[in-house]
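Sequence positions, counted from 1, serve as the residue numbers for this chain.
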Amino acid sequence: MKYITVIALLLSAFSLNAQHNPDAILGKWESAEKNLIVEVYKQDDNFQARIVWFSNPGNMLPETDIKNPDKELRSREIVGMDVLSGLEYNAKQNRWVGGKIYDCTSGRTWDATVWLTSPNDLKVRGYYLVRWLGKTMLFTRVE
């Protein structure tokens, strides 16, 4: 019985450590709508994400950032563009906080927080001032 208890404690310690891995969000993630893939990467101590693919059926969406408030950036291509920046891992909350998310469909930038609901499911919350004034997007890890 002692051995079972020790094994269970060790397994739960490994599981807890895996859940609190700051680099767990690194990689490619596809939106729930399956129209967007972003790649989360680390630069210094911050996490960022860039668009690596998006679906544009019938060319209904612009290929460039035409809604950007900075006129000089309106010609940059959407694929390859950073849309999430400045995230830092908060171990107490087990979330990535303090970030900014850019919405190229409106040209607006929002505050952002990110968390994992499982190793392969990521939620991104963009909000204005307080977290309950915003929108949450679901992404699934792409292998």
Side-chain angles (χ1 to χ4, degrees), residues 4-143:
I4 293 173
T5 304
V6 169
I7 291 171
L9 286 172
L10 284 173
L11 287 175
S12 65
F14 288 128
S15 173
L16 182 62
N17 189 32
Q19 290 175 352
H20 289 281
N21 175 6
D23 293 340
I25 63 170
L26 296 176
K28 292 183 181 173
W29 300 88
E30 182 176 33
S31 67
E33 297 81 14
K34 303 208 178 289
N35 62 355
L36 175 72
I37 296 177
V38 297
E39 181 179 17
V40 178
Y41 64 97
K42 193 172 184 178
Q43 186 167 352
D44 300 322
D45 289 332
N46 292 312
F47 294 86
Q48 304 194 142
R50 73 177 129 246
I51 296 174
V52 294
W53 176 86
F54 80 102
S55 175
N56 194 3
N59 292 327
M60 298 298 291
L61 298 172
E63 300 284 332
T64 58
D65 190 15
I66 63 171
K67 301 276 185 160
N68 196 302
D70 183 344
K71 291 180 182 180
E72 292 183 15
L73 295 177
R74 290 181 183 167
S75 62
R76 71 179 173 169
E77 293 194 18
I78 290 175
V79 173
M81 180 173 60
D82 282 336
V83 290
L84 186 61
S85 63
L87 284 171
E88 294 181 355
Y89 182 68
N90 181 311
K92 283 185 178 180
Q93 296 179 13
N94 194 27
R95 290 179 182 235
W96 293 260
V97 298
K100 298 288 185 186
I101 188 166
Y102 175 69
D103 175 11
C104 58
T105 63
S106 69
R108 293 188 176 142
T109 301
W110 308 91
D111 293 321
T113 187
V114 174
W115 67 98
L116 290 169
T117 57
S118 79
N120 293 316
D121 293 313
L122 178 85
K123 288 192 175 182
V124 178
R125 178 110 180 129
Y127 59 94
Y128 179 69
L129 295 179
V130 291
R131 287 188 185 151
W132 54 270
L133 288 176
K135 178 181 179 182
T136 301
M137 298 169 287
L138 177 64
F139 289 83
T140 303
R141 188 179 296 278
V142 176
E143 297 300 323

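Residues V114 and L87 meet the side-chain proximity criterion, which asks for heavy atoms closer than 4.5 Å. Y41 is listed as a side-chain neighbour of D82, based on a closest heavy-atom distance under 4.5 Å. Two residues are said to be in side-chain contact when any heavy atoms from C-beta on lie closer than 4.5 Å; W110 and Y127 fail this criterion. In this structure the side chain of E143 reaches within 4.5 angstrom of the side chain of N120, judged on heavy atoms.
Between R76 and Y102, the closest heavy-atom pair is NH2-CE2, 3.9 Å. Across every non-hydrogen atom of G107 and P69, the tightest pair is O-CD, 3.3 Å. Closest approach of S75 and T64 over heavy atoms only: O-CG2, 3.5 Å. Among all heavy-atom pairs drawn from L116 and A24, the shortest one is CD1-CB, 3.6 Å. Nearest heavy-atom pair, G126 versus I101, reported as atom, atom and distance to 0.1 Å: CA-CG2, 4.1 Å. Closest approach of N90 and Q93 over heavy atoms only: OD1-N, 2.9 Å.
Side chain of R141 to main chain of P119: a donor-acceptor pair is present (N/O by atom type, distance under 3.5 Å, no hydrogens or angles).
Of the inter-residue distances, the one linking E88 atom CD with N46 atom CG reads 5.0 Å to the nearest 0.5 angstrom. The CG atom of N68 sits 7.0 Å away from atom CZ of R74, with the distance rounded to the nearest 0.5 Å. A distance of 9.5 Å separates CE in M137 from CG in L122, rounded to the nearest 0.5 Å. Distance check, rounded to the nearest 0.5 Å: CZ of R125 to CH2 of W115 gives 6.5 Å. Atom OG of S85 sits about 5.5 Å away from atom CD of Q48, to the nearest 0.5 Å. Rounding to the nearest 0.5 angstrom, the gap separating the CZ atom in F54 from the CE atom in M81 is 8.5 Å.
Salt-bridge check for R50 with E39: passed, with a basic side-chain N closer than 4.0 Å to an acidic carboxylate O.
Taking the six-membered ring where the residue is Trp, Y89 and W96 present tilted rings, their angle falling between 30° and 60°.
Checking each of D121, L36, I37, I25 against F139 for a side chain to side chain contact (heavy atoms under 4.5 Å, CB included) leaves exactly one that passes, namely L36.
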* Asked: Passes side chain to side chain contact (heavy atoms under 4.5 Å, CB included), F47 versus L84? Steps please.
  -> CA-CA 8 Å; F47 294 86; L84 186 61; over 6 Å; no
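Other residues, nucleotides and ligands place no more than 12 heavy atoms under 6.0 Å from the CG atom of D45. The neighbour count for K67 NZ, taken as heavy atoms of other residues, nucleotides or ligands under 6.0 Å away, does not exceed 12.
There is a side-chain donor-acceptor pair under 3.5 Å between T105 and D103.
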